[in-house]
Amino acid sequence: MVNMAKIKSKYVCQNCGYETAGYLGKCPECGGWGTFVEETISAEKKEFVTEVVDSVPPKKLSEIEMNSEIRITTNISEFDRVLGGGIVQGSLILLAGDPGIGKSTILLQTSGELCKQSKKVLYISAEESATQVKLRAERLGVKSDNLYIYPQTNLELIKKHIDILQPDLVIVDSIQAIYTSLIQSSAGSVSQIRECCNVLMQISKSKNLSIIVIGHVTKEGNIAGPKVLEHMVDTVIQFEGDKYKSYRILRSIKNRFGNTSEVGIFEMGANGLKEVINPSELFLKEYNRTQTPGSTIIVTNEGTRPLLVEVQALVGTTPYPAPRRIANGVDTGRVLQILAVLEKRIGLNLSKQDVYVNVIGGIDVNEPAADLGIALAIVTCVRDVIFDMQTAIVGELGLSGEIRAVNHIEKRINEAKKLGFKRIIIPEANEVQESFDDIEIVKVQRIIEAITKGVKTPHQ
Ligand code: TYD
Ligand code: MG
């Protein structure tokens, strides 16, 4: 173990936070090339850390009060849902997302809502001037004397004003722009980010104060640069979406106090972000008009809410020696497995075919229940037939071509019914407890059965 106090400088991988004493061309941890940057550390660090930690002494298990977690609800229901029912008091939350996606906007709106409930919010604006924040606030209709804007980048000063103001919520916009004078490397470097996050964590835990930290995402899609941040905070939520389209998806990636993979959907307008109460409707807006072979509707269950989304597949003869397989919104490995099953079990020859799979709406579908829908999109594209437009699909595809049960089946059926679907294909193995009218439930055991039952009319 190297004695840290003696090291005046170290080299830190800006991608994953790996540290060494000397320069390395390639990072042994994440494999990145040329990612090491020299960073200096000062010896004062220890005192500061000890001072804060000491304020929470050890307690006997029996002495710990069983308060159920206190949550601050923001009245923005999509935001609350992603956090598992509101901001847990004393938690440190990281809101990550691409620059310009709307992170400052949503947090300023959230601040506005909380101030309406007489909560005191301190908004640290490390990237923008107070005037810029004020301009945005006017646009969003946020005005309150409980909202304090503090354009500051120095963490020690931020800490001082948290002590003075005693707010209910602190927002740090952004973690990449603030620095602590304990470390000499520049703001935004891995060491700075990590140390600042560490100090914020201690402030949050010792004062039982909720802090939301904004973090920009790098080109590679990591929460900039360090993944380390994710491990340190209680909750990580990510703001995603196509900058050229108006809707945004808020997703929970890690949550010590709730469900992950929960999503909230917003629409960006002239006066800020609005919640989308019925997202399935939004995702299916263009469905009926663009019905072509290779398109199916699946019912995915993101977090606690089912969502209907359209899956499209395009299959065509490849001009390349090795065919391309490209997947957007679903895992490529999963698509490869589905292709292998289709080749082996129903004799679909795809060895000379490029395959593209796309989930419409920019949403990521990671659960296996989407398998059958993806498989049927591919099959209908290859055979040039249209899948019945009134039928939704759920089911996991096993390696021998069998359709496996999925969870929350009733919820999924209900959502399909709500959106006006007349039929839903589900796995035979799923037992449906409730009875449904207005929607026909078609149970299938094998992939071939799903194809014959789902495909209605030959194309043309
Ligand atoms: P912003 O919250 O500044 O993004 P971030 O903090 O993630 O970098 O939002 C920037 C974009 O949002 C910008 O392109 C303008 C747009 N926008 C609207 O369309 N409507 C609004 O009411 C606001 C405040 C911003
Ligand atoms: Mg911003």
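Both ligands and their constituent atoms are indexed starting at 1 by order of listing.
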Charged N-O contact under 4.0 Å between [X] and [Y]:
| X | Y | result |
| --- | --- | --- |
| Glu128 | Arg136 | yes |
| Glu240 | Arg251 | yes |
| Glu367 | Arg412 | yes |
| Lys119 | Asp168 | no |

Could you identify the single nearest non-hydrogen protein atom to [atom] and state the distance to 0.1 Å?
| atom | value |
| --- | --- |
| atom 1 (P) of ligand 1 | Thr105 OG1, 3.5 Å |
| atom 4 (O) of ligand 1 | Gly102 N, 3.1 Å |
| atom 22 (O) of ligand 1 | Gly272 N, 2.7 Å |

Inset, instruction - May I ask you to decide if Phe257's main-chain N or O and Asn255's side chain share a donor-acceptor pair within less than 3.5 Å? - result: yes
Inset, instruction - Name the option, out of Lys103, Arg136, Met268, Lys274, that contains the heavy atom nearest to atom 3 (O) of ligand 1. - result: Arg136
Legend entry - Test item: protein heavy atom less than 4.0 Å from atom 11 (C) of ligand 1: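 Yes; the ligand atom in question has protein heavy-atom contact below 4.0 Å.
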Legend entry - Closer than 4.0 Å: a protein non-hydrogen atom to atom 24 (C) of ligand 1: yes
Legend entry - Test item: side-chain donor near acceptor, Gln353 and Thr318, under 3.5 Å: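 Absent: no donor and acceptor within the cut-off.
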Legend entry - Donor-acceptor pair between Glu38 and Ser9 side chains, under 3.5 angstrom: yes
Show me which atoms of ligand 1 lie under 4.0 Å from any heavy atom of [X].
| X | answer |
| --- | --- |
| Leu140 | 22 (O), 24 (C) |
| Gly269 | 18 (C), 19 (O), 20 (N), 21 (C), 22 (O) |
| Ser104 | 2 (O), 5 (P), 6 (O) |

Inset, instruction - Give yes or no for whether the N/O distance cutoff of 3.5 Å, strictly under, is met between Gly100 and ligand 1. - result: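 So ligand 1 has an N or O lying under 3.5 Å from an N or O of Gly100.
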Inset, instruction - Answer yes or no on whether Arg81 is positioned over the face of Phe79, meaning its NZ or CZ is under 6.0 Å from the six-membered ring centre and within 45° of the axis. - result: no
Legend entry - Gly97 to ligand 1, any heavy atom closer than 4.0 Å: no
Legend entry - Heteroatom N/O/S of Ser104 within less than 2.8 Å of the Mg ion (ligand 2): yes
